[in-house]
Amino acid sequence: MMYAFFSSVTELFQSPLAFLQSLLYRVPATLIALILHEWAHGFVAYKLGDPTAKMMGRLSLNPLHHLDPLGTVLLFVAGFGWAKPVPIDPRYFKHKHRDDLLVSIAGITMNVLLFLAFYTLYYAALRIAVSSGFLVRWQGAFYYASGRNALFEYALTLLQYTAVLNLSLAVFNLLPVPPLDGSHLFNDLFLKKNLFVSRTVARYGMGVVMLLSLTGVLGKGIGFVTGAAMDGMDALLSRVFFGA
């Protein structure tokens, strides 16, 4: 995250036009990933008896209901951001830890499903491009064959970026650090302790995340997992769409 922030800010000053162009796919991809992630939490919580998110207007796909002021600023400045966490009250749950587990994993599941959907659409678009002669596939790589099409290039970039972003967000949220979803999963499966996480604990948790980001450990870890998943999907989708 921190590397992405500094590299994005560097790009902003070195090449403002390229930075502004990148926002055309960064912003919609980030909005899709964050808003549907939070909506999934609220929807599953509502189905399990917690009306808090619904009463506060959070069961909506309207970005204005979910965007955090600072997260929104970073969204445009750094190319990534965050949404306001959906309010969950575990006192409504009949099965405390089981229901909290389902709510916590809902956001991660949503991001994984979005990754699968957008990466499949990306390969479908590649197949159409190859069939139409716009791209040539040689030894697993794709090359432009007949000029450039800005709109089609944008669509390919948006599909691929959205897929990768959702996968990265899913992996990131699996970290067992408060207040990330992974901490709930770890608690619900193993510790079975109080479901409420204090703001102090959450701040310490995010401090750990920032430290791991600054040292590069977090980026390398997430990159390793997402890279392995991408390799597997590339092999599968190449066989599905190109027969090899």
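These values consider heavy atoms only, across backbone and side chains, with no hydrogens, waters or symmetry-generated copies.
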Name every donor-acceptor pair, under 3.5 Å, that has one atom in a side chain of residues 220-230 and the other anywhere in the protein, sequence neighbours excluded.
residue	atom	partner	partner atom	Å
Thr226	OG1	Ile222	O	2.8
Thr226	OG1	Gly223	O	3.2

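One finds the CG atom of Leu185 at 5.5 Å from the CD1 atom of Ile105 (value rounded to the nearest 0.5 Å). Expressed to the nearest 0.5 Å, how far CG of Leu218 lies from CG of Leu211 amounts to 10.5 Å. Interatomic distance, Lys54 NZ to Lys47 NZ, rounded to the nearest 0.5 Å: 9.5 Å. Separating the CG atom in Leu48 from the CG atom in Asp100 is a distance of 10.0 Å, to the nearest 0.5 Å. Between atom CE of residue Met233 and atom OG of residue Ser238 there is a gap of 10.0 Å, rounded to the nearest 0.5 Å. Between the CD1 atom in Ile32 and the CG atom in Leu169 there is a gap of 12.5 Å [rounded to 0.5 Å].
In this view, Phe152 and Phe134 satisfy the ring pair (Phe, Tyr, Trp, His ring centres under 6.0 Å) rule, not counting sequence neighbours. Not counting sequence neighbours, the partners of His97 by the side-chain contact (heavy atoms from CB on, under 4.5 Å) test are Asn187, Asp188, Lys192, Leu195. For Phe93, there are no ring pair (Phe, Tyr, Trp, His ring centres under 6.0 Å) partners, not counting sequence neighbours.
Between Tyr46 and Phe43, the ring centre distance reaches or exceeds 6.0 Å.
Residues Ala125 and Leu159 approach most closely at CB-CD1, 4.1 Å, considering heavy atoms. The two atoms that bring Asp50 and Pro87 nearest to each other are OD2-O, 4.3 Å, heavy atoms only. Here the closest heavy-atom approach between residue Gly133 and residue Ala145 is recorded as O-CB, 3.4 Å. Taking both residues in full, the closest heavy atoms of Tyr154 and Pro28 are given as OH-CG, 4.1 Å, listed atom of the first, atom of the second, then distance.
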Test side chain to side chain donor-acceptor pair (under 3.5 Å) on Arg58 and His66; report intermediate values, then the result.
CA-CA 7 Å; Arg58 298 299 300 277; His66 298 280; 3.2 Å; yes

As a quick check of understanding, evaluate side-chain contact (heavy atoms from CB on, under 4.5 Å) for Leu24 and Leu158, giving each step before the final call.
CA-CA 8 Å; Leu24 293 175; Leu158 177 61; over 6 Å; no

Given the rule in the side-chain contact (heavy atoms from CB on, under 4.5 Å) test, do Leu61 and Leu36 qualify, once you have shown the distances and angles that lead to the verdict?
CA-CA 7 Å; Leu61 297 180; Leu36 288 178; 3.5 Å; yes

side-chain contact (heavy atoms from CB on, under 4.5 Å), that's the test. Do Thr109 and Val44 meet it? Break it down for me.
CA-CA 11 Å; Thr109 301; Val44 173; over 6 Å; no

Residue pair Tyr144, Asn149: steps toward the side chain to side chain donor-acceptor pair (under 3.5 Å) verdict:
CA-CA 9 Å; Tyr144 292 102; Asn149 185 307; over 6 Å; no

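When side chains are defined from C-beta on, Tyr25 does not count as touching Gln160, because their heavy atoms never get closer than 4.5 Å. Side-chain atoms of Val86 and Leu59, non-hydrogen and from C-beta on, never get closer than 4.5 Å to each other. Put simply, the side chain of His184 does not reach to within 4.5 Å of the side chain of Pro90, judged on heavy atoms. Under the 4.5 Å side-chain criterion, counting only non-hydrogen atoms from C-beta, Tyr119 is in contact with Asp234. Residues Leu20 and Leu23 form a side-chain contact, since some pair of their non-hydrogen atoms from C-beta on lies under 4.5 Å apart. The shortest side-chain heavy-atom distance between Thr52 and Tyr92 falls under the 4.5 Å cut-off. Between Phe241 and Thr120, the closest side-chain pair of non-hydrogen atoms falls below 4.5 Å.
Val164 and Leu113 are not part of a single hydrophobic cluster, where members link through side-chain heavy atoms under 4.5 Å apart. Follow the hydrophobic side-chain contacts under 4.5 Å out from Ile128 and you never reach Tyr122; the two are in separate clusters. Leu101 and Phe190 end up in the same hydrophobic cluster when Ile, Leu, Val, Met, Phe, Trp and Tyr side chains are linked at under 4.5 Å. When the side chains of ILVMFWY residues are joined at heavy-atom separations under 4.5 Å, either directly or via intervening members, Val217 and Val171 end up in a single hydrophobic cluster. Linking ILVMFWY side-chain heavy atoms closer than 4.5 Å, directly or via other members, places Leu121 and Phe142 in a single hydrophobic cluster.
The 12-atom threshold is not exceeded at CE of Met56, counting heavy atoms of other residues, nucleotides or ligands nearer than 6.0 Å.
Note on residues 152-168: pairs passing salt bridge (charged side-chain N to carboxylate O under 4.0 Å, His left out), not counting sequence neighbours, are Arg148-Glu153. Contacts classified as side-chain hydrogen bond (donor to acceptor under 3.5 Å, both in side chains) and involving residues 162-179 (residues at least two apart or in different chains) are given here: Asn111-Asn166.
Ring pair Tyr123/Phe242 is perpendicular by interplanar angle, where above 60° counts as perpendicular and below 30° as parallel. A perpendicular orientation is assigned to the rings of His41 and His37, their planes being inclined by more than 60° (bins at 30° and 60°).
Judged by distance alone, with hydrogens and angles left aside, the side-chain atoms of Ser183 form a donor-acceptor pair with the main-chain N or O of Leu180 at under 3.5 Å.
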